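Keep in mind it's a predicted model, so treat the numbers as computed, not measured.
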Amino acid sequence: MPRHELRLRVMKDAHLHIRQAMVEALSQGLRLLDALTDDDYREKVAAAFHASIGEHYRHCLEHFEPLFHADGGLIDYDARPRDARLENDRACAITRTHSLLAACRTLPTDTFDRLVQMRCKVSCAGGVSPVVPTTLGREAVSAVLHAIHHYAMIGVICHLLGIKPPGGFGVAPATLAHRRGAVAAA
């Protein structure tokens, strides 16, 4: 196989893997939402900085949504709507997650190479938010890893509320693979 064809094949495989990771992260969120009551979803927990599962989950969804609305080639994380319905209404969060899942499943993988700009406030000291070049694929990976990070915090809130989150919830894929390898080696 010629080198350029091999490179295209490797990239296509990577893009399919990224899209699958997006689907897995959102599906994991749905499994969590199905295991919660509406009150569990909204309850603010003092030991978790007065945050709720819903607040963290809304934050996750609002990092996936810009991937599908990069108007003019700009992903603007500063312009997230911070939709209070998503953090207070579990049914709304479920509906939005299903919509994002459908969008992920039909997202053409060749769009992951698309060059875009990303804006995000990175300093509490003020000033303008930097705009930096990136790709849609890089931002998709970031959204998945960002969700896993917040899922871990949601897992802590679940434990504080006496709720058992779904197995593997909020655990990084590399950590799960490491654990499987450690168990297999034992």
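- Summarising the geometry, atom OG1 belonging to Thr109 is positioned 9.5 Å from atom CD1 belonging to Ile18; distances are rounded to the nearest 0.5 Å.
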Steps toward side chain to side chain contact (heavy atoms under 4.5 Å, CB included) verdict (His98, Leu30) | CA-CA 8 Å; His98 279 292; Leu30 278 178; 3.5 Å; yes

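- A distance-only check finds a donor-acceptor pair linking the side chain of Asn88 to the backbone of Ala84 [under 3.5 Å].
- Inter-residue side-chain proximity for Thr134 and Ser142 is flagged as unmet; no heavy-atom pair is nearer than 4.5 Å.
- Under the 4.5 Å side-chain criterion, counting only non-hydrogen atoms from C-beta, Leu26 is in contact with Leu61.
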Kindly list each side-chain donor-acceptor pair under 3.5 angstrom involving residues 116-133, sequence neighbours excluded, with atom names and distances?
unit_1 : atom_1 : unit_2 : atom_2 : d
Arg119 : NE     : Asp76  : OD1    : 3.4
Arg119 : NE     : Asp76  : OD2    : 3.1
Lys121 : NZ     : Gly127 : O      : 3.2
Ser123 : OG     : Ala125 : N      : 3.1
Ser129 : OG     : Asp78  : OD2    : 2.4
Ser129 : OG     : Lys121 : N      : 3.4

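- Phe169 places none of its side-chain heavy atoms less than 4.5 Å from the side chain of Arg31.
- Annotation for Cys60 and His150: closest pair SG-CB, 3.4 Å, computed over non-hydrogen atoms.
- Scanning all heavy atoms of the two residues, the minimum distance from Arg82 to Arg58 falls at CG-NH1, 3.6 Å.
- Counting heavy atoms from C-beta outward, Leu67 and Leu107 have side chains that stay 4.5 Å or more apart.
- A salt bridge links Arg96 with Glu65: the closest approach of a Lys/Arg side-chain nitrogen to an acidic carboxylate oxygen falls below 4.0 angstrom.
- Ile94 is connected to Leu101 through a chain of hydrophobic side-chain contacts under 4.5 Å among Ile, Leu, Val, Met, Phe, Trp and Tyr, so both are in one cluster.
- Residue pairs meeting the side-chain hydrogen bond (donor to acceptor under 3.5 Å, both in side chains) criterion with at least one partner in residues 171-182, sequence neighbours excluded, are absent.
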Between Ile157 and Ile163, is a side chain to side chain contact (heavy atoms under 4.5 Å, CB included) present by the stated rule, with each step listed?
-> CA-CA 8 Å; Ile157 294 171; Ile163 299 164; over 6 Å; no

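- Going from atom SG of Cys104 over to atom CD of Glu24 covers 11.5 Å, rounded to the nearest 0.5 Å.
- For the pair Glu55 and His50, the minimum side-chain heavy-atom distance is 4.5 Å or more.
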Intermediate values then yes/no, side chain to side chain contact (heavy atoms under 4.5 Å, CB included), Ile53 and Leu33 = CA-CA 9 Å; Ile53 292 170; Leu33 295 177; 5.5 Å; no

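- In terms of heavy-atom proximity, Tyr41 sits nearest to Leu36 at CD1-CD1, 4.1 Å.
- In the hydrophobic cluster analysis, where Ile, Leu, Val, Met, Phe, Trp and Tyr join through side-chain heavy atoms closer than 4.5 angstrom, Phe68 is grouped together with Val141.
- Partners of Thr111 under the side chain to side chain donor-acceptor pair (under 3.5 Å) rule, at least two apart in sequence or in another chain, do not exist in this structure.
- For the ring-ring contact (aromatic ring centres under 6.0 Å, His included) with Tyr77, the qualifying choice from His63, His69, His59, His146 is His63, the only one to do so.
- Closest approach of Leu160 and Ala47 over heavy atoms only: CD1-CB, 3.9 Å.
- Side-chain contact between His15 and Asp110: absent, with no pair of heavy atoms (C-beta onward) separated by less than 4.5 Å.
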Dump the intermediate steps for side chain to side chain contact (heavy atoms under 4.5 Å, CB included) on Met22 and Leu100, then the final yes or no.
-> CA-CA 9 Å; Met22 294 169 71; Leu100 284 168; over 6 Å; no

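- Atom CD in Glu43 sits 4.5 Å away from atom CG in Leu161 (nearest 0.5 Å).
- The shortest distance between side-chain heavy atoms of Tyr151 and Val171 does not fall below 4.5 Å.
- Between Asp34 and Pro166, every side-chain heavy-atom pair lies at or beyond the 4.5 Å cut-off.
- Summarising the geometry of Ile154 relative to Tyr57, their closest heavy-atom pair is CD1-N, 4.0 Å, with the distance given to 0.1 Å.
- Looking at every heavy atom in both residues, Gln28 comes nearest to Gly170 through OE1-N, 3.5 Å.
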